[in-house]
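Please read all numbers here as calculations on a predicted model, not as lab measurements. A, B, ... follow the sequence lines: proteins, then strands. Residue 1 opens every chain.
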Protein chains: 2
Amino acid sequence: MVKKEIKTFKKEIKIQNIVASASLEHEIPLIKLAEALPNTEYNPEQFPGLVMRIKEPKTSALIFSSGKIVCTGAKSMSKVKEAVDKIIQNIEKIKIKINIQPQIKVQNMVASGSIGVDLNLTSLATTLDHTEYEPEQFPGLVYKCPGTRATFLLFSNGKIVCTGTRSESKLREAVDMLVENLSKIKVK
Amino acid sequence: MVKKEIKTFKKEIKIQNIVASASLEHEIPLIKLAEALPNTEYNPEQFPGLVMRIKEPKTSALIFSSGKIVCTGAKSMSKVKEAVDKIIQNIEKIKIKINIQPQIKVQNMVASGSIGVDLNLTSLATTLDHTEYEPEQFPGLVYKCPGTRATFLLFSNGKIVCTGTRSESKLREAVDMLVENLSKIKVK
DNA sequence: TTTCTGTTATTTATATATAATTTATAAAGG
DNA sequence: CCTTTATAAATTATATATAAATAACAGAAA
């Protein structure tokens, strides 16, 4: 019985960063917020969003006057939710009442891991499609995985970085597809 | 009988600084060394090496935890050797025994002198290759002497500075080549 | 004039390469 | 005092590239 080649890869992947957005459905006076809270940075002439940093979970949020927010840095969905709650609590300190439970939408996930085998990036760049490899510019090979939102960064030691997916299931699907595609061109 | 033009140059050169490195082949506890010796300066968050100053020969040494050292300031090889011996004696004050006679490697020599003739740096900058001359930035003309490790700083009064060579013989060769190259384009 | 790019800012892993850090030294000009 | 040149040591920092939402401004193309 022939085992599928894919089984020989020791896939391993860990979510390192989640970017999520939400709308508080309420105008936010950013200047007032910036003056009231020490954990904020606001330079409207540089960027329209106010930056709010949360210690636990360690995250950073971008808050716009429209009430739209972007949360970055969390490593799990539960942490994202915790962070959003903290953000709302912070905003409510300036007497603004957020009446809704904002719907959180994951916009991007960054995960890192390994596929357990060394990769010859130079040959991969020519045998695999949808790749970009300029070692003198960046040591990783960029692979936009067809059929998925994922873009991978592949390194010669087998370490990988996956960006672009929006859920852990889609992330795992993408990694499986990456390994499958690599197997097809027999990288090992 | 036509005398060679080169003979009209009154070449003169003196070594002003020698930078040499060596390895003591022994780990050095820099914190302990800094606390025990007054002639040291150690700011690891600023620079990983400990600075040790020796009065005679007047030199300064950079000592790293790996046991690698860099000695600067000596004007002759014998002074470099004396300085390294003093450095080892200093280190042995904190009970560390350096069992070897480290092999000293000269990494750079700085020498100054004169070629005995005034130089029109502006015209030299255009007639001689491998030069850089920006008088409003620095009054000397920079000349990277092809075929040697030497880089010269040439001044309008004929004074010169030579950097980059690793031995007195190579230094003299470089100066000879400088004079020869200047003669070719008849600077006088 | 309108629309479409490209900055601006945030996070995060990955891995290369520079650059800056320190020390000494001469030269001439600011 | 600074400028410039070369040179080693080891450590930290930054730049390189990836995705994504926010939104305000810029410049450019239509």
**Prompt:** Is atom CD of B:Glu45 surrounded by more than 12 heavy atoms (other residues, nucleotides or ligands) closer than 6.0 Å?
**Reply:** yes

**Request:** Count the heavy atoms of every other residue, nucleotide or ligand shown that sit under 6.0 Å from CD1 of B:Ile31, and state whether that count exceeds 12.
**Result:** no

**Prompt:** Do B:Asn17 side-chain atoms and B:Gly73 backbone N/O form a donor-acceptor pair below 3.5 Å?
**Reply:** yes

Distance check needed: [N] [atom2] versus [X] [atom1], whole Å only.
X: B:Leu141; N: D:dT4; atom1: CG; atom2: P; answer: 15 Å
X: B:Phe152; N: C:dT25; atom1: CZ; atom2: P; answer: 21 Å
X: B:Glu136; N: D:dC2; atom1: CD; atom2: P; answer: 20 Å
X: B:Met52; N: D:dA9; atom1: CE; atom2: C1'; answer: 15 Å
X: A:Tyr143; N: D:dA19; atom1: OH; atom2: C1'; answer: 17 Å
X: A:Ile160; N: D:dA17; atom1: CD1; atom2: P; answer: 21 Å
X: B:Tyr133; N: C:dA27; atom1: OH; atom2: P; answer: 18 Å
X: B:Leu153; N: C:dG29; atom1: CG; atom2: P; answer: 14 Å

With a 4.0 Å cut-off on heavy atoms, is [X] in touch with a base, just the backbone sugar-phosphate, or nothing at all?
X: B:Lys14; value: nothing
X: B:Ser112; value: sugar-phosphate
X: A:Ser66; value: sugar-phosphate
X: A:Asn157; value: sugar-phosphate

May I ask you to verify if any side-chain N or O of [X] is less than 4.0 angstrom from the OP1 or OP2 atom of [N]?
X: A:Lys105; N: D:dA21; answer: no
X: A:Lys159; N: C:dA15; answer: yes
X: B:Arg149; N: D:dT7; answer: yes
X: A:Gln107; N: D:dT22; answer: no

**Asked** Are A:Glu82 and A:Lys86 close enough for a salt bridge, meaning some N to O gap below 4.0 Å?
**Response** no

**Request:** Examine the side chains of B:Arg149 and B:Thr165 and answer whether a donor and an acceptor come within less than 3.5 Å of each other.
**Result:** no

With [atom1] as the reference atom in both, quote the distance from [N] to [M] in angstrom, rounded to an integer.
N: C:dT7; M: D:dT16; atom1: P; answer: 11 Å
N: D:dT14; M: C:dA9; atom1: P; answer: 14 Å
N: D:dT18; M: C:dG6; atom1: P; answer: 13 Å

**Asked** Which pair of non-hydrogen atoms, one from B:Thr163 and one from B:Asn108, has the smallest distance, and what is that distance?
**Response** C-OD1, 3.9 Å

**Request:** Would you please classify the geometry between the B:Tyr143 ring and the B:His130 ring as parallel, tilted or perpendicular, with 30° and 60° separating the classes?
**Result:** tilted

**side-chain hydrogen bond (donor to acceptor under 3.5 Å, both in side chains) involving B:Glu56 - partner list, sequence neighbours excluded** = B:Lys79

**Request:** Output the residues of residues 75-92 of chain A in contact with DNA chain C, where contact means a heavy atom of the residue under 4.0 Å from an atom of the strand; sort by number or write none.
**Result:** none

**Asked** To the side chain of A:Thr151, which of C:dA15, D:dT7, D:dA19 is closest?
**Response** D:dA19

**Asked** Mind checking whether B:Leu154 and B:Ile115 have side chains closer than 4.5 Å, heavy atoms only?
**Response** no

**Prompt:** Among B:Val106, B:Val19, B:Thr72, B:Ile104, which residue meets the side chain to side chain contact (heavy atoms under 4.5 Å, CB included) test with B:Val80?
**Reply:** B:Ile104

Taking only N/O atoms, report every protein-nucleotides 9-11 of chain C pair under 3.5 Å with atom names and distance.
from   : atom 1 : to      : atom 2 : distance (Å)
C:dA9  : OP1    : A:Gln46 : NE2    : 2.9
C:dT10 : OP1    : A:Arg53 : NH2    : 3.4
C:dT11 : OP1    : A:Arg53 : NH1    : 2.4
C:dT11 : OP1    : A:Ser60 : OG     : 3.2
C:dT11 : O4'    : A:Thr72 : OG1    : 2.9
C:dT11 : O2     : A:Asn17 : ND2    : 2.8

